[in-house]
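To keep things clear, I will list the structure first and then write my remarks on it.
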Amino acid sequence: MYMKVIKIIVLAIFSVALLSCGGKEEKKKEGFRYDKKSEVSKTVENNLNDIVITGNDAMQFNKKEIKVKAGKKVKITLKHIGKMDKNVMGHNFVLLKQGVNLVAFGNKAASARKSEYVPEGSKDVIAYTKLIGGGETAVIEFDAPEVGTYEFLCSFPGHYGMMKGMFIVE
Ligand code: CO
C-alpha cells in the first residue's frame, strides 16, 4: 500500500515534468517554424534581390560586397548621393563576367567616353547602369548569374581603384 502511493506520486511528478518539458519544446519549435515560413514567403512574394547602393562625391560606394540569391531577378538601384556633376564625379555600376580582369577592363573602359565608359558591345559585362551625377538615380534589373563570385566597379576614369566590390551569388 505504502509503496503504491509512492509509486503514484513518483509517476505524477514524472509526468508533470514530462508535460512541461514537452510544452516548452513545442513552443520553441513553433517559433522556429514561424520564422522560417515568414522568411520563405517573403522571398517568394518578391522573387527579387532588391539591392540599393550609393556613390558619393568622395569616390566611394557604400558597399564592398553584395550578396544575392541565385535563380531570381536582381534589381540594382544606384543612387549618387553627392552633388558633383557626372562629368566630374560620374558613377555607374558595372558587373563583370567571371574571369574578366577588373583593372584591364577599367583601363579599357576609361577611353569609352562616348558610351559612358562601358565599351560598346562589350562582352566583359553582365549588366551595367547608365552614368549618373549628384542627386541622380539609376535602376537596372537582370537575372542573377549562376552561383559564384563576381566583381563590380564604377568604370568612370580613375574610379575603379576605390569603387569596386564583390558580387556574390548564393
Ligand atoms: Co564613380
Side-chain angles (χ1 to χ4, degrees), residues 31-170:
F32 181 69
R33 221 168 15 208
Y34 176 76
D35 287 349
K36 262 290 193 221
K37 200 175 167 189
S38 61
E39 202 176 282
V40 168
S41 58
K42 212 168 126 189
T43 312
V44 170
E45 267 169 38
N46 298 335
N47 198 26
L48 183 74
N49 294 287
D50 201 353
I51 309 293
V52 178
I53 181 168
T54 66
N56 62 19
D57 281 344
M59 214 194 293
Q60 294 162 322
F61 282 133
N62 69 331
K63 286 185 166 80
K64 287 269 171 219
E65 188 183 285
I66 293 172
K67 277 187 179 173
V68 302
K69 297 262 180 277
K72 301 191 185 309
K73 290 251 179 225
V74 179
K75 180 182 175 187
I76 301 278
T77 303
L78 171 66
K79 288 183 182 172
H80 193 318
I81 57 171
K83 290 191 164 64
M84 292 165 85
D85 192 85
K86 76 171 178 182
N87 295 315
V88 184
M89 185 55 70
H91 298 320
N92 61 10
F93 175 94
V94 180
L95 180 61
L96 296 179
K97 286 183 183 168
Q98 268 173 336
V100 174
N101 184 281
L102 187 139
V103 173
F105 178 84
N107 289 337
K108 204 163 48 178
S111 60
R113 197 177 60 82
K114 274 187 190 153
S115 50
E116 296 193 321
Y117 306 109
V118 176
E120 259 177 279
S122 173
K123 290 193 166 68
D124 295 335
V125 300
I126 294 170
Y128 62 96
T129 68
K130 63 178 183 174
L131 190 72
I132 58 172
E136 294 180 316
T137 298
V139 181
I140 47 164
E141 260 190 60
F142 54 95
D143 292 323
E146 62 185 55
V147 171
T149 301
Y150 302 77
E151 286 183 290
F152 67 85
L153 71 150
C154 168
S155 66
F156 189 87
H159 285 200
Y160 68 78
M162 283 179 72
M163 300 188 78
K164 63 181 171 185
M166 304 305 259
F167 183 92
I168 298 160
V169 184
E170 327 179 284

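When a ligand or atom number is given, it counts from 1 through the structure's own listing order. For the single chain, residues carry numbers from 1 onward in sequence order. Here the structure is a predicted model, which is why all the values come from computation and not from measurement.
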(request) Run the salt-bridge test on Lys86 and Glu116 with the 4.0 Å N-O cut-off and return the result as yes or no. (result) yes

(message) So, 2.8 Å as the limit: is an N/O/S atom of Gly55 located closer than that to the Co ion (ligand 1)?
(response) no

(message) Measuring only between side-chain heavy atoms, which start at C-beta, is Ser155 closer than 4.5 Å to Tyr128?
(response) no

(message) Any heavy-atom pair between the side chains of Phe167 and Leu96 that's under 4.5 Å?
(response) no

(message) Does any part of the side chain of Asp143, heavy atoms only, come nearer than 4.5 Å to the side chain of Lys73, both counted from C-beta?
(response) yes

(request) Of all N, O or S atoms in His159, identify the one at the shortest distance from the Co ion (ligand 1). (result) ND1

(request) Please find the N/O/S atom of His91 nearest to the Co ion (ligand 1) and write down its name. (result) ND1

